[in-house]
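Whatever order the structure lists ligands and atoms in, that order sets their numbers, starting from 1. Since this is a predicted model, take the numbers as computed values, not measurements.
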Amino acid sequence: MVIGCSGQIGSELVLELRRIHGNENVFATDIKMAPKDIVKSGPFQILDVMDEKRLIHFVIRNRITQIYHLAAVLSGNAEKLPIQAWEINMQSLMNILDLAREVDDIKKVFWPSSIAVFGPTTPRYDTPQLTVMEPNTVYGISKLAGERWCEYYYNRYGVDVRSIRYPGLISYKTEAGGGTTDYAVEIFYDAVKKGKYECFLRDDTALPMMFMKDAIKATIDLMEAPLENLSIHSSYNVAGISFDPKMLSDEIKKHMPEFEISYKPDFRQSIADTWPASIDDSVARKDWGLDYEFDIKKMTKLMLDEIGSKLNKPECK
Ligand code: NAD
């Protein structure tokens, strides 16, 4: 079961899980309508993860064995409505952890954390798995609290919950959902549509990012890893690729020399300033073989090609 299947990650994760496990075995749910390919290829249900009663009925009726819980209010949006974001992010996780504890059929849960768990006092470069964590955004606070609850439910009740601290995720299928790293998706759409982009972060704001295909593979690899190999039951660091807006625009210019970028930092700059620039993911590599296929070069070419053909514009080489 995937909760939040209509979002940036869910819309790709569902299709990959259906390819692996069979279309009819992957239940997609969300409070909003899913993309056509999800609705057509297998079961889809409108379901609010905050509605405990309907959730438990759904899980039991469909004999769900694994839950990927992706529904959340993301970093940029969370700062606009802090209390609501806290309630949704925490209560939905607690609903899922309790469900997994109570329903024997549920064997594993995936819940994503984020690099937002780190804060201004965390070492910014090569941020270690275990380090100072003093997030000062409501999103980061909710993710850090969530990590603590995941570890608690594993230790106290044996709930097998697995998690990754995703960096910014980059994909061409669905537009980004209100995060601080969204510029790295928007830039490609604006490059193709308008030939220029106004970036809401400063040119030198390096952040860890990951191409969606690598993120989906990492997620499924972690879920498939033998439990005895896992030494972390809060959330694993994954590094992806680190770059800043200038490096990304230079890479786009190699394909579109006329592309122009300008910078107008907004409230998201102060969020990004508290996040790591690069991450040490050696524990994930050792425990479950984390690896990547995409670097900035390969990702940029594919993003421009795919968005170019999606928007039906042939100008991307
Ligand atoms: P998204 O905003 O694109 O998608 C979230 C989905 O959850 C949406 O389709 C939304 O309709 C659904 N949803 C919201 N409230 C719901 C509810 N009450 N019941 C059921 N569904 C509900 O987010 P995403 O980018 O796909 O992120 C998924 C998860 O990964 C989140 O936990 C997010 O914090 C985490 N994450 C994402 C990124 C990233 O760059 N995308 C980075 C780090 C962590």
### Message
Between ligand 1 and Ser114, is the shortest N or O to N or O distance under 3.5 Å?
### Response
no

### Query
Taking NZ, NE, NH1 and NH2 as the nitrogens, is one of them in Lys297 or Asp295 under 4.0 Å from a carboxylate oxygen of the other?
no

### Query
Side chain, backbone, both or neither: which part of Lys143 comes within less than 4.0 Å of ligand 1 when only heavy atoms are counted?
side chain

### Numbered atoms and elements of ligand 1 in range of Leu74, under 4.0 angstrom, heavy atoms
2 (O), 23 (O), 25 (O), 33 (C), 34 (O)

### Query
Does the pair Lys301/Asp305 count as a salt bridge with the N-to-O cut at 4.0 Å?
yes

### Task
Look at the aromatic rings of Tyr157 and Tyr152 and report parallel, tilted or perpendicular, splitting at 30° and 60°.
perpendicular

#### Entry: Ionic contact status for Asp30 with Lys32, cut-off 4.0 Å
no

### Message
For ligand 1, which is the ligand I care about here, please tell me if Asp48 has any N or O atom under 3.5 Å from one of the ligand's N or O atoms.
### Response
yes

### Task
May I ask you to check whether Trp288 and Tyr236 place their ring centers less than 6.0 Å from one another?
yes

### Task
Of all the heavy-atom pairs spanning Met210 and Pro167, show the shortest one and how long it is.
CB-CG, 3.8 Å

#### Entry: Numbered atoms of ligand 1 (with element) below 4.0 Å of Ser113, judged on heavy atoms
43 (C), 44 (C)

### Query
Leu47 heavy atoms, cut-off 4.0 Å: which ligand 1 atoms fall inside?
19 (N), 20 (C)

### Query
Under 3.5 Å, is there a donor-acceptor pair linking the side chains of Thr205 and Gln269?
yes

### Message
Below the 3.5 angstrom mark, is there an N/O of Ile3, backbone or side chain, next to an N/O of ligand 1?
### Response
no

### Task
With the side chain counted from C-beta on, respond yes when Phe110 and Thr219 share a heavy-atom pair under 4.5 Å apart, and no when they do not.
yes

#### Entry: ligand 1 N/O within reach of Ala72 N/O, cut-off under 3.5 Å
no

### Query
Numbering the atoms of ligand 1 from 1, which are under 4.0 Å from a heavy atom of Tyr139?
33 (C), 34 (O), 35 (C), 36 (N), 43 (C), 44 (C)

### Task
Establish, from distance only, whether the side-chain atoms of Tyr139 and Asn77 form a donor-acceptor pair under 3.5 Å.
no

### Query
Do any nitrogen or oxygen atoms of Gly168 come within less than 3.5 Å of a nitrogen or oxygen of ligand 1?
no

### ligand 1-proximal atoms of Pro167, by part, heavy-atom distance under 4.0 Å
backbone

### Task
Measure from atom 39 (C) of ligand 1 to every heavy atom in Leu169, Ile115, Thr181 and give the option owning the shortest one.
Leu169

### Query
Which value, rounded to the nearest 0.5 Å, describes the distance between Cys150 atom SG and Arg162 atom CZ?
12.5 Å

### Query
Counting both backbone and side chain atoms, is some N or O of Tyr166 under 3.5 Å from an N or O of ligand 1?
no

### ligand 1 atoms in contact with Gly4 (distance to a heavy atom under 4.0 Å)
6 (C), 7 (O), 12 (C)

### Query
Which one of Ala71, Gly146, Gly179 has a non-hydrogen atom at the shortest distance from atom 13 (N) of ligand 1?
Ala71

